[in-house]
Amino acid sequence: SGSAVTPEMLDGMSKQSFPLCMRHLHETLRSTHHLKHGGRIQYGLFIKGVGLSLESSLKFWREEFSKNMDIDKFEKQYAYTIRHNYGKEGKRVNYSPHSCMKIINASVGPGENHGCPFKHFDAAVLRQKMTMNRVPQPAIQEIVDLVTRHHYQIACQRYFEATHNTEVDSGIQHPNQYFIESQKILN
Ligand code: SF4
């Protein structure tokens, strides 16, 4: 993981280099100022992997959540999970960001935004989201076909290729791998 990543950098990075699962969580958090538990864990561990320190992470979540609730409530009910992600609470395990397999196999209930969009979105929503993210239409069709055959990680690889205008030879195994590969191409 990198260093000196600040919360202000996440908007730009999410557009350029986040896989669809994490871009969706970031945009949902920005627009609703909230994420349910599964989303806080999945996204919180991912941005830790991207290089956000615990302090930066707390600042980021606090700023967003406090648009809709008292800082007090945030500190009492939500700061714990963030510190927990960094091994500062509970069993003090330094948790790793989730792999694609773990995310794909997660159960996602109504109103929850974690999981893998290629697995958990319905086709119409997936198409709409990819159109908004300026994926060319032929690639969208290819991706939807892959999804129909349950090839979620290959679909993600095609999404990467279509949005970075490049070809990659290995599949996507981990959202943080996706991020690192993207940053290599862009920097
Ligand atoms: Fe995220 Fe992995 Fe799904 Fe890609 S395949 S959207 S990185 S969970």
Side-chain angles (χ1 to χ4, degrees), residues 1-2 5 9-31 35-52 57 60 85 95-187:
S1 60
V5 174
M9 292 159 75
L10 293 176
D11 287 333
M13 278 179 163
S14 69
K15 289 196 182 73
Q16 290 190 317
S17 292
F18 284 10
L20 196 53
C21 54
M22 301 304 174
R23 182 168 175 178
H24 175 62
L25 285 170
H26 183 77
E27 289 172 352
T28 304
L29 176 62
R30 283 290 197 222
S31 61
L35 283 180
K36 292 197 173 180
H37 184 73
R40 295 198 298 275
I41 302 284
Q42 183 178 311
Y43 190 51
L45 288 171
F46 172 77
I47 57 178
K48 171 187 168 187
V50 161
L52 230 70
S57 211
F60 171 66
N85 278 345
Y95 294 99
S96 303
H98 295 171
S99 67
C100 293
M101 279 313 287
K102 185 162 182 151
I103 293 170
I104 287 168
N105 289 322
S107 60
V108 181
E112 293 186 308
N113 292 286
H114 65 283
C116 172
F118 300 108
K119 162 84 183 283
H120 295 106
F121 282 9
D122 68 47
V125 175
L126 183 61
R127 273 181 197 279
Q128 187 188 39
K129 197 89 181 167
M130 289 194 285
T131 304
M132 274 166 49
N133 294 355
R134 305 217 183 99
V135 179
Q137 287 303 321
I140 292 181
Q141 191 52 51
E142 251 184 85
I143 290 166
V144 170
D145 290 344
L146 285 162
V147 163
T148 310
R149 289 180 283 130
H150 308 288
H151 296 313
Y152 310 117
Q153 287 166 266
I154 303 172
C156 187
Q157 179 184 347
R158 279 300 293 128
Y159 178 88
F160 182 102
E161 290 173 336
T163 51
H164 292 75
N165 208 6
T166 186
E167 280 182 27
V168 289
D169 41 43
S170 67
I172 306 297
Q173 306 298 330
H174 201 290
N176 290 88
Q177 171 213 353
Y178 182 114
F179 173 76
I180 289 165
E181 295 299 326
S182 170
Q183 290 280 292
K184 269 190 218 154
I185 291 169
L186 298 169
N187 292 319

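Just so you know, these numbers use all the heavy atoms, side chains as well, and skip hydrogens, waters and symmetry mates. First listed ligand is number 1; within each ligand, the first listed atom is number 1.
- Atom CG of D122 has more than 12 heavy atoms from other residues, nucleotides or ligands within 6.0 Å.
- A centroid separation of less than 6.0 Å is found between the aromatic rings of Y43 and H26.
- Enclosure of atom CG in D169 is not indicated, since only 12 or fewer non-hydrogen atoms of other residues, nucleotides or ligands lie within 6.0 angstrom.
- Close approach of ligand 1 to P19 is summarised as follows: ligand atoms under 4.0 Å from at least one heavy atom of the residue are 7 (S).
- At a cut-off of 2.8 Å, C21 is counted among the residues with an N, O or S atom near atom 1 (Fe) of ligand 1.
- Here the protein heavy atom with the shortest distance to atom 5 (S) of ligand 1 is C156 CB, 3.4 Å.
- A parallel orientation is assigned to the rings of F160 and H164, their planes being inclined by less than 30° (bins at 30° and 60°).
- Of all the atoms in ligand 1, the ones that sit under 4.0 Å from a non-hydrogen atom of I103 are 8 (S).
- From the protein, the heavy atom lying nearest to atom 2 (Fe) of ligand 1 is C100 SG, 2.3 Å.
- No more than 12 heavy atoms of other residues, nucleotides or ligands lie within 6.0 Å of CE in M101, so this atom counts as exposed by the packing criterion.
- Across all non-hydrogen atoms, the minimal contact from I103 to C116 is CG2-N, 3.5 Å.
- Under 2.8 Å from atom 2 (Fe) of ligand 1 lies no N/O/S atom of C116, from backbone or side chain alike.
- The proximity of F118 to ligand 1, defined as any non-hydrogen pair under 4.0 Å, is limited to the side chain.
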